[in-house]
Amino acid sequence: MSYTALYRKWRPRTFGDVKGQDHIVTTLQNQIRSGRVGHAYLFCGTRGTGKTSVAKIFARAVNCENPVDGSPCGECPVCRQIASGTSLNVVEIDAASNNGVENIREIREQVQYPPTEGKYRVYIIDEVHMLSVGAFNALLKTLEEPPSYVIFILATTEVHKIPITVLSRCQRYDFRRITVDTITDRLRELTEAEKMPVEEKALRYVAKAGDGSMRDALSLLDQCAAFHYGETLTYEHVLDVLGAVDNSVFRELFHALMEGRTKDCILKLEEMVIQGRELSQFVSDFIWFLRNLLLLKTADDAEDLLDMSEENLTQMREDAALADENTLMRYIRVFSELSNQIRFAAQKRVLIELALIKLTKPEMEQNLDSILERLAALEEKVENGIPVASMPSGRSVPPAVSGNGTSYDGAAGGGMPGEPMQMPDRPEPKTVTLPKAQIEDLNLIRNEWGKIVRAMGMSIRPSFRETVVEPAGDSCLCIVFNDSMNFSMGSRPVVLGDLERYVEQTYGKTIYFKARLRENGERLDNRYISDEELRENIHMDITIEDEP
């Protein structure tokens, strides 16, 4: 006897076998029990969620001689004939290949004759959105006023293509994507019945790969079981069949992008083309890979959200450490835009190559995240002592952040590079005396302020531009902002909390931060010295009185 695929062998036979669509199953059972059966139904939803299966169960239930709680008994002659496909009362039509007006005219002629057995003639039209305009128009009158013994069940994955005139004549039921937990439970149930040894973690990975489709999950399980026939299906086995190769390719591509190796990115894409990889799916899979990296970078305990082996998780953590959040979001943005463009494009490869070039060369884009990435690259070169070419005329580099309020903007002094800046005469800065512990904290943070701000991430860095750090009491410093918009961004409790945690982890200092906005005309060039230094300079005892 020939082998039957799992998704066919385990197709639901009763409403109780249908998983994940309780809101639809309950409604249909109630209609059958009460005798309030409609004349036209529209089942819509993504692939593999049970539309056709529910339609066939419904067709048997309305004709069953001995229904059990609204479900077909499966034992009476009518149920057996419909299940075997020999009944003339249930007609299943594939609208993808029978989408002309003449096909609908045949249906209109057939509905004139009552069923030979059972109560209803049921017409199941699958992929109904494929019908031509003329066929839809021919179906309208029959849908609106069919004979009392006729039921139409229309199934589609693209409900937006159905004319509103057809939608208004049907009871619409939306089939939801099936959850990973529901699919896992079903897979466990049938593997036990098939006496197929399999690990729980492997079942869950297959369920996740099904992407809300029970049929896809069963097909993947069939594929994995065939590859490792006679063995216990482990999590690592499933990865071998479904995921390991892709992860390796995506890791190599991601490293090439991060290092700006445009040629290697193009060569990697060429390998995918030679292997016959479907490029649209390649783009979607890479977006998912980047999404996992972003989760590891931003979410607490993100490992619980990713179903993968510990070895793969370790590799993903290493990859996530190579990029910051803004870079990953830029990569996802570019590839998401590509995913929309590539669907109907004739030259998919060219579009992907263009996207890869954009990612390796941020200067091609003028978006904020691209500019921030270029600034980060420039700062890294400056820190490493690598000369940076001057900017073309008409463009300027934003002033660097300084802990003491100094702005390194060449325009501030009015001079050209290499010439001494002519600074205007200013009054001497005010000298303020602080306890030794406070002055040590202040000097530490001021000296490291540029490094600290860069470590906070590119999304935060612009708001800390031209800020000044000043003392605010024991173990407390205040960040003074020049700009009100930057103040609203940088003074958020979550930002200050992250800053405090970074300082404590990096320097072993428990320092609290608060923020304020600079007042008009306020000078921020105070000079701070410790009380010990002041005593040494004036050679006499100093008494510091508390302010009233």
Side-chain angles (χ1 to χ4, degrees), residues 201-202 204-205 208-209 234-269 271-272 277 282-336 352 355-362 369-370 372-381 383-384 386 451-452 454-461 498 501-502 504-506:
K201 197 172 183 182
R204 189 163 186 85
Y205 187 87
K208 180 177 177 295
T234 66
Y235 179 65
E236 298 299 331
H237 288 163
V238 173
L239 287 180
D240 287 341
V241 179
L242 302 180
V245 175
D246 287 347
N247 284 339
S248 173
V249 171
F250 294 148
R251 289 195 73 221
E252 293 174 10
L253 179 60
F254 178 71
H255 282 252
L257 288 173
M258 290 302 302
E259 296 168 12
R261 294 185 276 116
T262 307
K263 180 181 177 181
D264 291 343
C265 293
I266 302 300
L267 291 176
K268 183 58 62 178
L269 176 62
E271 288 182 21
M272 295 295 98
R277 186 73 176 265
F282 173 76
V283 171
S284 299
D285 290 345
F286 189 57
I287 293 173
W288 193 259
F289 175 83
L290 295 172
R291 169 259 187 191
N292 291 342
L293 293 182
L294 186 60
L295 282 180
L296 284 174
K297 196 77 177 175
T298 57
D300 295 333
D301 299 325
E303 291 81 358
D304 298 336
L305 303 175
L306 308 178
D307 289 322
M308 58 181 62
S309 66
E310 186 57 39
E311 179 183 355
N312 281 349
L313 271 176
T314 301
Q315 293 176 346
M316 294 286 283
R317 292 190 197 100
E318 294 174 359
D319 294 339
L322 297 177
D324 56 40
E325 297 90 333
N326 292 280
T327 299
L328 291 173
M329 285 191 286
R330 174 173 172 258
Y331 286 7
I332 293 174
R333 173 181 60 79
V334 171
F335 263 81
S336 296
I352 298 176
L356 294 175
I357 294 171
K358 280 184 181 180
L359 296 185
T360 54
K361 298 185 180 299
D369 49 5
S370 303
L372 292 174
E373 188 172 342
R374 289 155 55 191
L375 284 175
L378 289 174
E379 290 174 348
E380 183 177 353
K381 289 181 179 179
E383 288 178 357
N384 295 330
I386 302 174
K451 179 180 177 182
I452 293 172
R454 283 193 295 274
M456 294 297 291
M458 285 190 289
S459 60
I460 300 299
R461 188 184 308 169
D498 289 342
R501 282 189 291 273
Y502 177 81
E504 184 171 7
Q505 294 171 1
T506 307

Begin from the C-alpha positions of L359 and R330 and carry the test side chain to side chain contact (heavy atoms under 4.5 Å, CB included) through to its verdict. CA-CA 8 Å; L359 296 185; R330 174 173 172 258; 4.2 Å; yes

Check: K297 side chain, A320 main-chain N or O, donor-acceptor pair, under 3.5 Å: yes

Rounded to the nearest 0.5 Å, how far apart are CG of L290 and CZ of F286? 4.0 Å

Heavy atoms of M258 and L322 approach each other most closely as CE-O, 3.1 Å

What pairs with R291 under salt bridge (charged side-chain N to carboxylate O under 4.0 Å, His left out), at least two apart in sequence or on another chain? none

Looking at every heavy atom in both C265 and L356, which two are closest together, and how far apart are they? O-CD1, 3.7 Å

What residues, two or more places apart in sequence or in another chain, satisfy side-chain contact (heavy atoms from CB on, under 4.5 Å) together with S336? I287, I332

Who pairs with E504 by salt bridge (charged side-chain N to carboxylate O under 4.0 Å, His left out), at least two apart in sequence or on another chain? none

dist L253:CG -> M272:CE (nearest 0.5 Å) comes out at 9.0 Å

Quick one: list whatever passes salt bridge (charged side-chain N to carboxylate O under 4.0 Å, His left out) with K268, sequence neighbours left out. E252, E271

Take F282 and F250, measure what ring-ring contact (aromatic ring centres under 6.0 Å, His included) needs, and give me the verdict at the end. CA-CA 9 Å; F282 173 76; F250 294 148; 5.7 Å; yes

What's the separation between atom CZ in R454 and atom CG in D324, rounded to the nearest 0.5 Å? 13.5 Å

Does T298 reach the main-chain N or O of L294 with its side chain, forming a donor-acceptor pair under 3.5 Å? yes

Which heavy atom of A355 sits nearest a heavy atom of V334, and at what distance? CB-CG1, 3.9 Å

Holding to ring pair (Phe, Tyr, Trp, His ring centres under 6.0 Å), I want the full list of residues that pass it with F254, two or more places apart in sequence or in another chain. none

With the threshold set at 4.0 Å, does a side-chain nitrogen-carboxylate oxygen contact exist between D319 and R251? yes

Give, for atom CE of M329 and atom CD of E325, the distance between the pair rounded to the nearest 0.5 Å. 6.5 Å

Testing the basics here: between T360 and A256, what is the closest heavy-atom pair and its distance to 0.1 Å? CG2-O, 4.4 Å

Nearest heavy atoms of L257 and Y331, plus distance in Å: O-OH, 3.6 Å

I'd like to check the side-chain hydrogen bond (donor to acceptor under 3.5 Å, both in side chains) partners of D264; sequence neighbours left out, ordered by chain and number. R261

Point-to-point distance, once rounded to the nearest 0.5 Å, from CD1 of I452 to OH of Y502: 6.5 Å

